[in-house]
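Model, not experiment: these values are computed from the prediction. In what follows, chains carry the letters A, B, and so on, assigned in the order in which the sequence lines appear, proteins first and then strands, with residues in each chain numbered from 1.
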There are 2 protein chains.
Amino acid sequence: MTDDTRWLAPEESAAWVRLVALAELLPGALDAQLLRDAGLTHFEYGALMAIAAAPSRTMRMTELASRTNATLPRLSHVAKRLEERGLIERFPCPEDRRATNATITRAGLALISEAAPGHVETVRANVLDALAPEQLEQLYVIAGAVLARLDPDARLSATSCQFSEGPVDHVVA
Amino acid sequence: MTDDTRWLAPEESAAWVRLVALAELLPGALDAQLLRDAGLTHFEYGALMAIAAAPSRTMRMTELASRTNATLPRLSHVAKRLEERGLIERFPCPEDRRATNATITRAGLALISEAAPGHVETVRANVLDALAPEQLEQLYVIAGAVLARLDPDARLSATSCQFSEGPVDHVVA
DNA sequence: CGCAATCAGTTGTTGCGTCAACCAATGCGG
DNA sequence: CCGCATTGGTTGACGCAACAACTGATTGCG
């Protein structure tokens with residue numbers, strides 16, 4: 001019973017344990033704040049942001065699913081709930097009648113506009129304010145290297161980032 | 001309507017987007033491999049590892065919940081399933097008859113012993129092999145700084161790390 | 001032109017996590 | 001001691017995500 005597994009060295013294990021803890025705690029922290037202050041999960045917030053950032057504030061379900069790392073069934077359920085809450089609207093795509101387009105409503109825009117400041121504040125308080133500028137750069141590079149493995153097609157960090165943290169006034173105006 | 005929110009600078013946004021993508025994808029990747037190869041979620045694997053690493057391979061439910069970042073109800077459900085599968089056993093604590101102790105069985109030890117190499121391989125393939133030694137150190141520091149905010153009591157990265165990635169032979173032998 | 005294969009999305013079922021309620025044991029102040 | 005709040009843990013109900021199955025539209029190919 002030879003064991004050729006390359007077990008983790010202490011430095012590797014230490015870094016890994018912390019990364020796992022981080023990945024475990026971060027989603028909960030984001031969800032908790034957004035759910036408390038805006039009644040949105042972080043996923044819903046990201047989806048609304050992605051739609052709002054799209055040209056004409058409209059996006060195909062499939063593309064939205066890809067950008068938010070959701071399965072199509074999941075997105076369909078979420079969209080249904082968001083539509084019932086009046087935050088988005090769905091209508092068949094004229095060009096391809098199989099497809100469905102989702103648009104964010106005024107109410108949806110208003111909601112994310114209200115939610116954004118608090119969310120950004122949470123991001124700063126929990127992450128960004130803890131890091132020096134050079135660490136921010138290191139994090140960018142490190143996460144990029146890992147994402148190249150986890151997300152080879154770069155479906156997430158797409159060009160117009162769906163978790164954009166800028167003001168949304170330009171779309172509201 | 002003055003807006004004193006400090007919106008994210010481009011470098012901040014870029015790093016943040018990647019970190020979020022990482023936190024979103026990593027759990028899924030870990031779960032997928034462990035579920036496929038050992039029929040365990042990453043959480044269950046971590047819980048079994050934590051018990052296995054404890055003195056006399058026994059741990060109180062409350063402490064286990066704290067170390068694995070689980071609520072007590074969640075852990076109770078998970079423990080019930082693991083017990084039904086014969087991987088752990090629960091028995092009332094002699095000293096405090098409110099408390100419950102969980103012990104890992106031989107079958108449980110055998111399972112994590114089998115699962116560990118594949119898991120470590122996944123960790124290397126997805127994360128560690130993508131990073132240079134200095135990046136590993138940077139990651140350790142950065143994650144530590146963030147965890148100081150997210151997990152002030154350091155309930156997760158406790159001394160005998162529950163997600164330990166070392167061989168488990170010493171407990172099996 | 002017609003049929004098969006594929007694509008886009010929705011719907012139903014199952015499993016897991018959270019929340020609230022509950023029971024039992026402990027311990028602490030009177 | 002006794003009463004009552006607190007701690008440790010389990011249970012049940014509800015909500016959300018994953019998977020599978022299905023409908024309808026489109027493409028491709030003979």
Side-chain angles (χ1 to χ4, degrees), chain A residues 23-36 39-47 51 58-85 87-103 155, chain B residues 23-36 39-47 51 58-85 87-103 155:
Chain A
E24 196 111 354
L25 292 172
L26 194 50
L30 300 176
D31 276 338
Q33 181 270 324
L34 278 170
L35 219 45
R36 174 167 47 82
L40 288 174
T41 63
H42 183 240
F43 177 81
E44 291 169 330
Y45 178 81
I51 300 176
T58 298
M59 198 178 283
R60 292 268 273 269
M61 295 288 284
T62 298
E63 188 182 353
L64 187 55
S66 176
R67 296 242 206 161
T68 55
N69 188 38
T71 60
L72 212 37
R74 177 184 180 186
L75 182 62
S76 184
H77 287 299
V78 171
K80 185 178 185 177
R81 295 190 288 263
L82 291 178
E83 192 171 33
E84 286 168 354
R85 292 170 63 182
L87 302 176
I88 69 169
E89 279 175 357
R90 286 183 293 180
F91 56 93
C93 174
E95 304 143 9
D96 185 341
R97 275 180 299 192
R98 293 173 297 183
T100 302
N101 284 332
T103 310
R155 300 191 353 267
Chain B
E24 196 110 355
L25 292 172
L26 193 50
L30 300 175
D31 276 339
Q33 181 270 324
L34 278 170
L35 218 46
R36 174 168 47 85
L40 289 174
T41 64
H42 183 239
F43 177 82
E44 292 170 330
Y45 178 80
I51 300 176
T58 297
M59 198 178 284
R60 293 269 269 270
M61 293 292 282
T62 297
E63 187 182 354
L64 187 55
S66 175
R67 297 242 207 164
T68 55
N69 187 39
T71 61
L72 213 36
R74 176 183 182 186
L75 183 61
S76 185
H77 287 302
V78 171
K80 185 177 186 177
R81 282 171 239 144
L82 291 178
E83 191 171 35
E84 285 167 356
R85 292 170 64 182
L87 302 177
I88 68 169
E89 279 174 357
R90 286 184 292 180
F91 56 93
C93 174
E95 304 141 11
D96 185 341
R97 276 179 299 188
R98 294 172 296 181
T100 303
N101 283 332
T103 310
R155 302 193 349 269

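- Here dT10(D) is the nucleotide among dT26(C), dT10(D), dG24(D) with the atom lying nearest to any side-chain atom of R90(B).
- Taking 4.0 angstrom as the limit, R81(B) places none of its side-chain polar atoms (N or O) nearer than this to OP1 or OP2 of dT10(D).
- Taking atom CZ of R74(A) as the reference point, atom C1' of dA17(D) lies 6 Å away to the nearest angstrom.
- If you check dT10(C), dA17(D), dG8(D) against the side chain of L72(A), the one that comes closest is dT10(C).
- Whole-Å rounding puts the N101(A) CG to dA8(C) C1' distance at 12 Å.
- Residue H77(B) places no side-chain atom within donor-acceptor reach of the base of dG15(C), judged by atom type and a 3.5 Å distance cut-off alone.
- Candidate nucleotides dC16(D), dT11(C), dT10(D) were compared by shortest atom distance to the side chain of K80(A), and dT11(C) ranks first.
- Looking only at side-chain heavy atoms (C-beta outward), L87(A) and E44(A) stay at 4.5 Å or farther from each other.
- The nucleotide whose nearest atom lies closest to any side-chain atom of D96(B) is, among dT26(D), dA18(D), dA25(C), dA25(C).
- A straight line from CD of E84(A) to P of dC16(D) spans 11 Å, rounded to a whole angstrom.
- Here T71(B) lies in heavy-atom contact (under 4.0 Å) with sugar-phosphate atoms only.
- The shortest distance between side-chain heavy atoms of R74(A) and H77(A) does not fall below 4.5 Å.
- Rounded to whole angstrom, the span from the CZ atom of R36(B) across to the P atom of dA18(D) amounts to 17 Å.
- Checked against dG17(C), dT26(C), dA20(D), the side chain of R98(B) finds its nearest nucleotide in dT26(C).
- A straight line from CG of L64(A) to C1' of dT10(C) spans 16 Å, rounded to a whole angstrom.
- For the pair S76(B) and R90(B), the minimum side-chain heavy-atom distance is below 4.5 Å.
- Residues L40(B) and R85(B) are in side-chain contact: their nearest non-hydrogen atoms beyond the backbone lie under 4.5 Å apart.
- What separates CG of L75(B) from C1' of dC16(C) is a distance of 14 Å, to the nearest Å.
- Distance from the side chain of R97(A) is smallest to dT26(D) among dT11(C), dT26(D), dA17(D).
- Atom CZ of R85(B) is separated from atom C1' of dC16(C) by 13 Å (rounded to the nearest Å).
- With the nearest nucleotide of DNA chain D identified for both T41(A) and T100(B), T100(B) has the one nearer the 5' end.
- Separating the CG atom of N69(B) from the P atom of dG17(C) is a distance of 12 Å, rounded to the nearest angstrom.
- Between L35(A) and T41(A) the shortest side-chain heavy-atom distance falls below 4.5 Å.
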